[in-house]
Amino acid sequence: MRRKFQETFKAINVEFTKFFAILFDGGTARLELTNPEDLTQTGIDVIAKPPGKRAAHLAMLSGGERALTATALLFAILKVSPTPFCVLDEVDAMLDEANVGRFRDALKTLTAGTQFIVITHNRTTMESADAVYGITMNEDGVSQAISLRLESTNG
Amino acid sequence: MRRKFQETFKAINVEFTKFFAILFDGGTARLELTNPEDLTQTGIDVIAKPPGKRAAHLAMLSGGERALTATALLFAILKVSPTPFCVLDEVDAMLDEANVGRFRDALKTLTAGTQFIVITHNRTTMESADAVYGITMNEDGVSQAISLRLESTNG
Amino acid sequence: MHLKHLDLHGFKTFANRTNFVFDLGVTAIVGPNGSGKSNIADAVRWVMGEQSYSELRVKKTEDLIFTGSATRPRMGMTEVSMMLENPNPWTEAAADAERTGDTEKTKLDPVTELLRSNPSEVTIGRRAYRDGGNEYFLNGARVRLRDIFELLARWGLARNTYAVVGQGLIDQALSLRPEERRALFEEAA
Amino acid sequence: MHLKHLDLHGFKTFANRTNFVFDLGVTAIVGPNGSGKSNIADAVRWVMGEQSYSELRVKKTEDLIFTGSATRPRMGMTEVSMMLENPNPWTEAAADAERTGDTEKTKLDPVTELLRSNPSEVTIGRRAYRDGGNEYFLNGARVRLRDIFELLARWGLARNTYAVVGQGLIDQALSLRPEERRALFEEAA
Ligand SMILES: Nc1ncnc2c1ncn2[C@@H]1O[C@H](COP(=O)(O)OP(=O)(O)OP(=O)(O)O)[C@@H](O)[C@H]1O
Ligand SMILES: Nc1ncnc2c1ncn2[C@@H]1O[C@H](COP(=O)(O)OP(=O)(O)OP(=O)(O)O)[C@@H](O)[C@H]1O
Ligand SMILES: [Mg+2]
Ligand SMILES: [Mg+2]
């Protein structure tokens, strides 16, 4: 159990560093055990250094940088230990267009192991999906769902 | 002092109901004192009912509905007690395009009393501004600012 | 293994029975503020056995049932069902037999019974009534909550797995104290 | 009364002296993630006397000074100044005289001194050094933090006024316990 945690931690750490560099188009990040001697009590620190910047407290990162760092960690966990399906609810809300594009590309690399349902307001994310459901509210306060098949780009 | 609080509360309540109906294009909302007998100890409840829906706990409102309700409250406070200038940092992030349009129109009604600086990723908000500053990061990790005068729409 | 169908009836804003078909790959869900998108995510959590009211953004079970509007009466119950497809049933069954060992002792356990039949798909269902009662179903048969958890665990969807990730992701991953973050990793291990 | 100029030097990512000119109406600030937009909002809070490290997203004063990068050395100090324009100085002075009554007793108070001269504009400044020291300025003259607060209060910018509103607005307005929300109203009263 402890060894499994140790191995899993190492594997996630490797993937976290990779996904961070992909999502930030550069930069470095890693995870650190606060107490490597005691794996049942240890905490896990996140050290993130966007490209061209110095590593700093996570609180000093911008709103979008925090969202992207959290996404890198989630993707690393999904890479090492895929869940069969994953619903993402507006995790791209704080990202600018360049970062949304990298988010979408990184997401695609995980689709072999995990089926994704992505709730989004972002056009780029929507256009890159394989299928789209549109949800609207009618005047009775009741939700309606309609399958919106996209033409062209996803042929 | 207590009477000033009472009058201010009433005035903000009236404006809150108005701004909510403007931002939601319908619906009703109001503020309620939890303890009207003791104005130094009282809390303030927010009751919000988007159009076509029944009033419910604030937690049940959607992400965008919560942002819009909080905005209605802020605008009500600014209407009653304007601050000379106000910096808004991405308060429109969770809003869909229709709501961003109503947000922008409601904001305009407050500009006589308050100068606004709006940090945004939203194109609609940006295009409706009277002036725009673009911020970028150079490769030294240093911020640069450039004044981007918009042509056309704001002439 | 993937999520094939999701059926909502009377769940929050989904007063009308609404069926979603999901394929492999990426499905986007879009729509205006307050239209019901996050309610779909809540339904997925709920049918998988979520017990936390705050995770579901409600105060009590009743709040999950369509509360009515000016032009539509409230409903008395809600039902959500989710069909999971398992393309490798024989592999699952083999692993299963190996894990439980004795093929006689547990034959009254509905989950083991079900998995031994090598199903290529399973439907999980949950109902709730205004009086607060909850019922759980596997392929239409009434089971206990722990049976739902057991089936999900065997199909790679343990109780706290990252099957539904909200805006809270950022806080969860970054604002947690380092010790709390360890819990996320223990799930993955 | 409005904010006319904002000047940042060595503040967070603004290593180079950067000046912003703001007109009446609405000014938008746009740019990629991490470019420095919220840092500008932090600078406005800070020069107005903000004392809370968490509101400024830092752990200590040093974190407000440009920490350097691979290609640019860190700096030893930061300075932010803000010019406020008051189009109705005579009205302010009249209200001021009325409020303080005795026109002799407070004549050594730099803020009262300043306001009696009916300035149509005032520049507030703040500096911080790596050793953690802070200095405050009014029109270039060194003053105490409380003088800054007093001037701002007289010009309609009291200490907790809604001059800078972040994403925390939603939590503040809606997640606060009802009693905490009262504090927002007391500010407006
Ligand atoms: N039991 C219920 N009966 C009726 N309406 C409900 C019920 N529970 C929640 N709602 C309504 O559902 C709406 C929220 O829906 P949801 O959170 O799914 O929106 P959303 O599409 O995710 O919007 P956003 O884009 O703003 O996040 C609220 O208006 C709320 O009042
Ligand atoms: N003292 C400092 N020296 C150098 N860089 C700093 C300093 N303090 C903060 N930063 C950097 O500033 C960046 C954050 O900037 P800011 O929060 O203004 O971004 P933003 O433009 O608001 O982005 P977003 O759109 O994502 O909200 C972080 O990358 C952080 O590392
Ligand atoms: Mg939502
Ligand atoms: Mg920001």
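It should be emphasised that the depicted structure is a prediction, and the values quoted were computed from it without experimental measurement. Below, chain A is the first sequence line, B the second, and so on; all start at residue 1. These values consider heavy atoms only, across backbone and side chains, with no hydrogens, waters or symmetry-generated copies.
- With a threshold of 4.5 angstrom between heavy atoms, A:S143 approaches chain C through its backbone and through its side chain.
- The part of A:L58 that comes within reach of chain C is its side chain, from C-beta onward, which places non-hydrogen atoms under 4.5 angstrom from that chain.
- Each of A:A11, A:S81, A:A112 has some count of heavy-atom pairs under 4.5 Å with chain C, and the biggest count is that of A:S81.
- Put simply, the side chain of C:N33 reaches to within 4.5 Å of the side chain of A:H121, judged on heavy atoms.
- Closest non-hydrogen pair, A:T120 versus C:V30, comes out as O-CG1, 3.6 Å.
- Heavy-atom pairs under 4.5 Å with chain A were tallied for C:A15, C:S35, C:G156, C:G36; the largest tally goes to C:S35.
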Under the side-chain contact (heavy atoms from CB on, under 4.5 Å) criterion, do C:F185 and A:L73 qualify, and how do the steps go?
CA-CA 10 Å; C:F185 285 68; A:L73 183 52; 3.8 Å; yes

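- By number of non-hydrogen pairs under 4.5 angstrom with chain C, the leading residue of A:Q115, A:M137, A:M94, A:E32 is A:Q115.
- When all heavy atoms are compared, the tightest approach of C:L24 to A:D130 is O-OD2, 4.3 Å.
- For C:F20, the parts lying near chain A are the backbone and the side chain together; criterion is any non-hydrogen pair under 4.5 Å.
- At least one side-chain heavy atom of C:F14 sits under 4.5 Å from a side-chain heavy atom of A:I135.
- Ring-plane geometry between A:Y133 and C:F22 is classed as perpendicular, the angle between the planes exceeding 60 degrees on a 0 to 90 degree scale with a lower cut at 30.
- When side chains are defined from C-beta on, A:I117 counts as touching C:L3, because their heavy atoms get closer than 4.5 Å.
- The 12-atom threshold is exceeded at CZ of C:R130, counting heavy atoms of other residues, nucleotides or ligands nearer than 6.0 Å.
- Put simply, the side chain of C:R182 gets close to the backbone of A:Q41: a donor and an acceptor are under 3.5 Å apart.
- Atoms OG1 and NZ, from A:T136 and C:K37 in turn, are 10.5 Å apart once rounded to the nearest 0.5 Å.
- Heavy atoms of A:L107 lying under 4.5 Å from chain C belong exclusively to its side chain.
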Please lay out, stage by stage, how C:T71 and A:D140 fare under the test side-chain hydrogen bond (donor to acceptor under 3.5 Å, both in side chains).
CA-CA 6 Å; C:T71 51; A:D140 296 334; 2.7 Å; yes

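- Taken to the nearest 0.5 Å, the CD1 atom of C:I170 stands 9.5 Å off from the OG1 atom of A:T69.
- Heavy atoms of C:N39 lying under 4.5 Å from chain A are absent altogether.
- The contact between A:I12 and chain C is made entirely by side chain atoms (from C-beta outward), counting heavy-atom distances below 4.5 Å.
- With a threshold of 4.5 angstrom between heavy atoms, A:E139 approaches chain C through N, CA, C or O but not through any side-chain atom.
- For the pair C:S69 and A:V142, the minimum side-chain heavy-atom distance is 4.5 Å or more.
- The side-chain contact (heavy atoms from CB on, under 4.5 Å) test with C:V26 is passed by exactly one of A:T125, A:T114, A:T111, A:L110: A:T111.
- Contact count against chain A (heavy-atom pairs under 4.5 Å) is highest for C:V21 among C:V21, C:L84, C:N16.
- Panel note: side chain A:E90, backbone C:G166; no donor-acceptor pair is recorded below 3.5 Å.
- Side-chain atoms of C:R181 and A:L31, non-hydrogen and from C-beta on, never get closer than 4.5 Å to each other.
- Between A:C86 and C:Y162, the shortest heavy-atom distance links the atoms SG-O, 3.4 Å.
- Per-residue heavy-atom pair counts under 4.5 Å with chain A were compared for C:L8, C:T18, C:I40, C:D23, and the maximum is reached by C:D23.
- Looking at A:V46, both its backbone and its side chain come within 4.5 Å of chain C, counting heavy atoms on both sides.
- Contacts between A:T34 and chain C at a heavy-atom distance below 4.5 Å involve the side chain alone, from C-beta outward.
- Counting heavy atoms from C-beta outward, C:L157 and A:P84 have side chains that approach closer than 4.5 Å.
- Of the two parts of A:I119, the backbone and the side chain both hold a non-hydrogen atom closer than 4.5 Å to a non-hydrogen atom of chain C.
- Crowding of C:R17 atom CZ: a count of heavy atoms from other residues, nucleotides or ligands under 6.0 Å exceeding 12.
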